[in-house]
Amino acid sequence: MKTHSAVAGMRKGVGLALAASLAAGALAFAGAAPRAHAAEISIESSKVLDLAFDGSLADTSSNAAAVAMQKGTEAYGTGINGQAFHFDGTRAIRLGTASNLQPADLTVSFWFKPSATMSGEQVFAWSKVAYNSDGWYLTSESNTSPLVLSIGPSTGQPYKVAVDAARADFFPAGQWTHVVATYDKATKQVYFYRNGERQISTVKYPAAGTATGVLGSESTSVKTLGYNGPLYNGAHANGLLDDYTLYNGVATISDVVTLTQRNTPAFDPATVAERAAAAITVQSTASVDFALPVTAINGTVISWSSSDSEVLAVDGGLATVARPAEADATVTLTAAATYGGSAPATRTFQVTVPKAGTSASIYLKETDLSDVLLEDPYLVNGNQKMVDYLLSLDPERFLYSFYTQAGLSTTAQPYGGWERTSGTRFQGHFFGHYISALSQAYATEDDAATKAALLDKLTTAVDGLAGAQTAYAAKDPTNAGYVSPFPTSVLPSGGGGLLVPFYNLHKVLAGLLDAHQQAPAALADEALSVASGFGTWVRDWAARQSNPASIPSTEYGGMNEALYELYSITEDPAHKRAAEYFDEVTLFQQLAAGQDVLDGKHANTTIPKLIGALTRYTVFTDNPHLYATLTDAEKSGLEMYRAAAANFWQIVVDDHTYANGGNSQSEHFHGANELYEHATNGRTTGYGENSTSEICNEYNMLKLTRALFQVQPDVKYADFYEHAYINAILAQQNPDTGMMTYFQPMAAGYAKVFGRETDEFWCDHGTATESFTKLGDSIYFRKGSTVYVNMFRSSVYTSEEQNLRLTQTANVPADDTVTYSVDSLDGGALADGTTLRLRVPGWIAGSASLSINGVAQDVAALEADGYLVVGVSDGDQLTYTVPAEVRVNDDSENPDWVAFTYGPVLWRPNSTATTWMRPTRRAYSCG
C-alpha cells in the first residue's frame with residue numbers, strides 16, 4: 001500500500017496543480033449565484049455561437065444559427081446562470097451545417113454539471129462526420145481522460161490532446177464545472193482550462209503525416225452537441241449544460257479568467273498564481289549561469305529580480321553569474337507570479353555564489369565509502385555476507401562470452417541463469433554489477449587479506465574486459481571500442497534469446513566507472529580507458545543507424561546516466577553525444593510539466609532514465625567549463641531535466657508507492673492510486689500478487705533520491721531514503737545466507753523467495769550486490785563545513801578536511817536515544833565552523849530533544865528545514881532523542897487495506913513458516 005506522508009515525509013507536489021485546483025473549484029462553483037455577463041474578452045467579436053439555454057435553443061450570436069433538437073425533446077433545469085439544457089443520455093442538439101462551426105482558431109467555453117458519476121464516453125461537441133474526417137470534437141472520453149480534443153483529419157487517429165486525470169474529480173457529480181478549450185492554428189497548441197485554471201495536457205496522437213492537426217471547415221456535415229454525431233449515434237452526455245459559447249479565436253488566460261468570473265465572481269486568479277509560486281524551486285548555490293522558470297505549468301507568468309545584479313543578474317529566464325573576487329556572496333532572487341492579470345504572488349530564494357577560484361561542488365558532497373565505518377551489527381553482517389559471496393564467484397566465468405565474441409580462447413566454463421550463453425538471457429548484466437560491487441567492497445574493506453582478494457578479482461575483471469576490447473577491435477575495426485558478450489547484430493532490441501542489450505551493457509560501463517573511482521591508480525586508469533573507448537563506440541555506432549531515435553525504444557538501463565558521468569571525467573564531446581542518444585526528451589518534458597504518464601510503463605526501465613536526466617543537469621551546472629560548451633538553447637533547457645527528475649520522484653512517491661517504499665506490480669507502474677487493486681488482484685501465479693515491489697526499482701529510486709537530495713537538500717528526500725532503505729533494501733536480504741529477493745509481495749499470505757548463488761543471477765540479484773557493498777553511502781553528506789546526518793545507524797564518519805571523527809551510536813527505533821562523539825583526528829581543533837545538521841525525522845512522535853555535554857538545548861531555536869543545526873567542537877558529546885510511535889498507514893485507495901509502522905520500520909506479522917527465510921527454486925523472468 002502507499003507510503004503514508006507521516007511515514008516517509010511525502011507530500012503532494014504543488015507542481016501537480018490539479019488536486020489543488022479541483023478542491024478550490026469544488027468550493028467556488030458548487031452553488032454560485034447567477035450573474036450578468038461581466039467585461040468583454042479579447043475575442044468577443046469573434047463569437048460564432050452563443051447558447052445561453054435560458055428556456056430555449058436560441059443562438060444569440062450575430063450568426064443566429066437555427067439550432068434545433070437532433071434527438072429527443074427539449075428539456076431544461078436550473079443552470080449556473082438562469083437555466084441550462086438537460087442532457088439525459090438520449091438527447092442531442094443539432095447546430096446546423098455551417099462551416100463557421102469549424103473555426104480555424106478555436107475557443108469553446110461552457111459549464112457542465114453531471115447528473116451522476118460519469119461513466120463511459122460522453123461527447124460534448126461533435127463537428128465531424130467520422131472521427132478522422134475534417135473538423136473537431138470535444139469529449140469526456142474515459143474515467144482517466146476527462147477531457148479530450150480531436151482536431152483535423154487523418155487516415156488513422158487525428159491530432160488528439162487530452163487531460164489525464166480522474167474524471168470523478170475533474171467533473172464531480174452534482175457540481176458545476178467550467179471548461180474552456182482552445183486551439184491555435186499557427187502553433188497547433190491546445191490548452192484546457194478547468195474553473196479558470198489551465199490544466200496539464202498530453203498529446204495522445206501528434207500532428208504528423210496525414211494527421212495534419214489543421215482544423216478545416218465544410219458546410220455539409222451536421223454539427224451537434226451531446227453525442228458523437230449521426231454516423232455513430234452514441235456516447236451521449238448526461239448532465240446539465242449551460243452558457244455554451246464558440247469563438248473563432250484563441251482565448252488568452254485573462255479571457256478565461258473573465259469567462260469564469262462571469263458566473264463565479266468570487267474566483268480570484270491570484271490563488272492560481274500563489275499555487276504556482278509555491279511550486280517554484282531554485283538551486284541554492286550557483287557558480288555558472290542557470291535558467292529560471294518564466295511560465296508555470298498552469299500558465300502563470302513569472303518575473304524575476306535580483307538583490308545584487310553585479311553578482312547575479314536576471315534577464316527574463318536567464319540568471320547570469322559573476323563570481324565575486326573576495327568572498328562568497330548570498331543573493332536574494334524574488335519571483336513575482338501573476339495569472340491572467342492577477343495581483344502578483346511573490347517568493348524569495350537565497351542563492352550562494354562561490355567566490356572566484358574555488359572549485360568545490362555547488363552541491364552536497366557524497367561521503368567517500370572509505371570515510372564511513374559501519375558498526376551497526378545488522379549492516380556489518382549484511383555487508384560481510386555479500387563480500388563472502390563476491391569472493392566465491394569467478395570473474396573468468398563471467399568473461400567467457402566476452403572472450404568468445406572477441407575471438408579469444410578460454411578454459412573457463414560460463415555461468416548459467418540469466419548469464420547463460422543461449423536461450424533467454426541477459427548476458428553481461430550481473431558481471432557489470434559484480435565489478436561495481438567488487439570496487440565498492442574494496443573501498444570499504446579493512447582486512448588486508450580480504451582487501452587483496454577483492455582487488456585480485458577486480459583486476460581479473462578489468463584486465464579481461466581490456467583484453468577483449470583490444471582483440472575485438474582487431475577483429476572488427478569498424479566497431480573498435482565495443483566490448484560485449486554478444487554481437488552488434490542484436491543491437492538495440494535484442495535477438496536470438498538475448499534481451500535488452502543496452503541494459504546489459506550499461507551495467508558493464510557503470511562497473512568500469514566504479515572501478516575507476518575506487519581502484520588503485522593503475523587499474524583505475526585501465527578501467528577508464530576501456531569505458532572511454534566504449535563510450536566513443538556508442539557515439540559512432542548510433543550515428544550510423546538509419547533511425548537513431550529508435551535506440552531508446554528498448555530498455556537500456558542507465559546508459560544516459562553512465563555516459564554523462566563518463567563525459568564529466570573525460571570531457572570528450574563524443575561521450576556527451578553518446579549520452580544524448582538515450583535521452584527521451586518528450587518523456588522528460590511531460591514529467592517536467594507535472595504530467596503523470598507512468599501508467600503501463602515498465603518501472604525499472606523508467607526510473608534510470610530520470611537519473612540520467614538529473615545527471616545531465618548536474619554535470620553541466622556544476623562544471624563551468626562544460627557549461628560554457630553548451631549552446632544557448634541547451635543552457636535554457638537544463639532546468640527541464642531537473643524538473644523532470646524532481647516531478648517524477650514526487651509522482652512516484654505520492655501515487656505509486658507501497659508502504660515499504662517500493663513500487664510496481666508485474667514490474668510495471670499502473671494508474672495513480674491503484675495500489676490495492678493490483679497488489680490484491682487475485683492472481684497468485686506468474687506476475688500476480690507476488691510480484692509487487694521489484695527491488696531493482698528501489699535500488700534505482702534510492703539512487704535518484706540521493707542525487708535529488710544532493711541538488712536540493714530537502715528533508716523529504718532523506719525521510720524517503722531511510723524508509724525504503726530499511727523496508728525494501730535491507731529487507732531484501734536473507735541475513736543468514738546473504739541471498740536476496742526479486743519482489744516483495746504486498747498482499748497478505750506470501751513468503752519471501754530468495755535466489756540461489758550461481759544459477760539465477762536475477763537483475764535484483766545484481767543490484768543487491770551493489771546495495772550491500774555501499775550500505776554507508778547515504779548516512780552522511782557534507783557541504784563546506786557542515787555535515788548532514790541523515791540516518792541513525794551506528795557508524796564512524798571521518799573527514800580529513802574538517803579534522804573530524806564523528807562516532808554515532810544508535811539502535812533506532814528500538815532505542816530512541818542516539819549519541820554522537822565528536823573528536824579531532826590529530827588531537828587539535830576541528831576546522832572552523834564545523835557544524836552538524838541532525839535530521840528531525842518525519843516519523844517522530846512529538847518533539848526531538850538534544851543535549852550537548854549534558855546541557856539541554858532549545859531544539860526549536862536550532863531547527864531549520866527539518867534539521868537541528870549544531871556547531872560542534874573537539875570533545876563534544878551529543879545525546880539526541882527521537883521518539884517513535886505505532887502508526888496506521890491507510891493511505892492507499894482502500895482505507896481498509898492498512899499497514900503499521902513504528903518509526904521508520906514497517907511491521908510484518910510474526911510467522912513461523914520456514915519459507916520466510918528459505919531459498920527456493922523459483923525464478924522469474926525480467927524484461
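Note that the structure is predicted; figures quoted are calculated from it, not measured. All values below come from the heavy atoms of this structure, side chains included, with hydrogens, waters and symmetry mates left out.
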Can any side-chain N or O of Thr346 pair as donor or acceptor with the backbone N or O of Ala335 at less than 3.5 Å?
-> no
Do Asn663 and Glu698 get their side chains close enough for a donor-acceptor pair, meaning under 3.5 Å?
-> yes
Closest non-hydrogen atom pair between Arg198 and Tyr339, with its separation = N-OH, 3.1 Å
To the nearest 0.5 Å, what is the distance between CD1 (Ile611) and OG1 (Thr705)?
-> 8.5 Å
Under 3.5 Å donor-acceptor, Trp304 side chain and Pro293 backbone | yes
For Trp843 and Thr901, does a side-chain donor sit closer than 3.5 Å to a side-chain acceptor?
-> no
Residue list, salt bridge (charged side-chain N to carboxylate O under 4.0 Å, His left out) with Glu561, at least two apart or on another chain | Lys703
Hey, does the side chain of Thr300 reach the backbone of Asn298 with a donor-acceptor pair shorter than 3.5 angstrom?
-> no
Only counting residues at least two apart or in another chain, list the ones meeting side-chain contact (heavy atoms from CB on, under 4.5 Å) with Glu366.
-> Gln517, Arg706, Gln710
Quick one: do Lys783 and Thr285 satisfy side-chain hydrogen bond (donor to acceptor under 3.5 Å, both in side chains)? Show the steps, please.
-> CA-CA 11 Å; Lys783 178 69 179 295; Thr285 307; 3.1 Å; yes
Supply the atom-to-atom distance Tyr627 OH to Phe290 CZ, rounded to the nearest 0.5 angstrom.
-> 9.0 Å
Mind checking the CD-CG spacing from Glu639 to Leu318? Nearest 0.5 Å is all I need.
-> 12.5 Å
For Phe792, all residues meeting ring-ring contact (aromatic ring centres under 6.0 Å, His included), sequence neighbours excluded = none
Please say whether more than 12 non-hydrogen atoms of neighbouring residues, nucleotides or ligands are located less than 6.0 Å from CG in Asp832.
-> no
By side-chain contact (heavy atoms from CB on, under 4.5 Å) - contacts of Glu634 (at least two apart) = Lys576, Glu580, Arg616, Leu630, Thr631
Do the side chain of Ser342 and the main chain of Thr338 share a donor and acceptor less than 3.5 angstrom apart?
-> no
Does atom CD of Glu885 have more than 12 heavy-atom neighbours from other groups under 6.0 Å away?
-> yes
Under the 3.5 angstrom rule, does the side chain of Arg347 hit a backbone N or O of Ala278 as a donor-acceptor pair?
-> yes
When rounded to the nearest 0.5 angstrom, what distance separates OG1 in Thr615 from CG in Asp622?
-> 12.0 Å
Verdict with reasoning, Arg837 to Asp865, per side chain to side chain contact (heavy atoms under 4.5 Å, CB included) = CA-CA 10 Å; Arg837 293 179 70 95; Asp865 301 322; 4.2 Å; yes
Verify, without hydrogens or angle tests, whether Asn195 (side chain) and His178 (backbone) share a donor-acceptor contact under 3.5 angstrom.
-> yes
State whether a side-chain donor-acceptor pair under 3.5 Å links Thr281 with Arg642.
-> yes
Do Gln261 side-chain atoms and Phe267 backbone N/O form a donor-acceptor pair below 3.5 Å?
-> yes
Quick note, ring pair (Phe, Tyr, Trp, His ring centres under 6.0 Å) partners involving residues 305-330, not counting sequence neighbours, are none
Examine distances only and state if a side-chain atom of Asp583 and a backbone atom of Val585 form a donor-acceptor pair shorter than 3.5 Å.
-> no
Just wondering, do Glu801 and Thr834 contact through their side chains at under 4.5 Å, heavy atoms?
-> no
Those residues that, when tested against Thr202, pass side chain to side chain donor-acceptor pair (under 3.5 Å) (two or more places apart) | Asp164, Gln595
Give a yes or no on whether Asp315 atom CG has more than 12 heavy-atom contacts from other residues, nucleotides or ligands under 6.0 Å away.
-> no
What are the two closest heavy atoms between Ala270 and Ala343, and how far apart are they?
-> CB-O, 4.1 Å
What do the steps show when you test Phe709 against Asp714 for side chain to side chain contact (heavy atoms under 4.5 Å, CB included), and what is the final call?
-> CA-CA 6 Å; Phe709 181 77; Asp714 190 320; 5.7 Å; no
Write down the atom of Pro883, the atom of Asp816, and the distance for their closest heavy-atom approach.
-> CA-CB, 3.8 Å
Residue list, ring-ring contact (aromatic ring centres under 6.0 Å, His included) with Tyr820, at least two apart or on another chain = none
Could you tell me which residues satisfy ring-ring contact (aromatic ring centres under 6.0 Å, His included) with Phe669, sequence neighbours excluded, listed by chain and number?
-> His656
Checking side chain to side chain contact (heavy atoms under 4.5 Å, CB included) for the pair Val787/Leu804: CA distance, chi angles, key distance, verdict?
-> CA-CA 10 Å; Val787 176; Leu804 169 69; 4.0 Å; yes
Pairwise distance CG(Leu259) to OH(Tyr193) - rounded to 0.5 angstrom = 10.5 Å
Compare every heavy atom of Pro624 with every heavy atom of Ser287, then report the nearest pair and how far apart it is.
-> OG-CG, 4.1 Å
Side-chain (Glu863) to main-chain (Leu868) donor-acceptor, under 3.5 angstrom | no
Polar side chain donor-acceptor pair, Ser778 to Tyr721, under 3.5 angstrom | yes
The side-chain contact (heavy atoms from CB on, under 4.5 Å) partners of Val250 (sequence neighbours excluded) come to Asp105, Thr182, Asp184
Quick one: closest heavy-atom pair of Val321 and Leu312, and the distance?
-> CG2-CD1, 3.6 Å
Name all pairs fulfilling the side-chain hydrogen bond (donor to acceptor under 3.5 Å, both in side chains) condition that reach into residues 319-337, sequence neighbours left out, sorted by first residue then second.
-> Arg323-Thr358, Thr332-Gln350
Just do the side chain to side chain contact (heavy atoms under 4.5 Å, CB included) check on Leu806 and Val789 with the steps written out, would you?
-> CA-CA 10 Å; Leu806 178 66; Val789 183; 4.1 Å; yes
Rounded to the nearest 0.5 Å, what separation is found between the OH atom of Tyr880 and the CG atom of Leu836?
-> 11.5 Å
With Tyr641, the ring pair (Phe, Tyr, Trp, His ring centres under 6.0 Å) member among Phe648, Tyr617, Phe588, Tyr564 = Phe588
Sequence neighbours excluded, the answer for side chain to side chain donor-acceptor pair (under 3.5 Å) partners of Asn790 is Tyr867
side-chain hydrogen bond (donor to acceptor under 3.5 Å, both in side chains) assessment of Thr252 paired with Asp255 = CA-CA 5 Å; Thr252 64; Asp255 291 337; 3.2 Å; yes
Any donor and acceptor pair, going by atom type alone, linking the side chain of Arg194 with main-chain N or O of Phe170 inside 3.5 Å?
-> yes
Provide the closest heavy-atom pair for Gln712 versus Val282 in the form atom of the first, atom of the second, distance.
-> OE1-O, 3.5 Å
Examine Phe620 together with Tyr567 and report whether their ring centres are nearer than 6.0 Å.
-> yes
Go through the structure and list residues passing ring-ring contact (aromatic ring centres under 6.0 Å, His included) with Tyr797, not counting sequence neighbours.
-> Tyr780
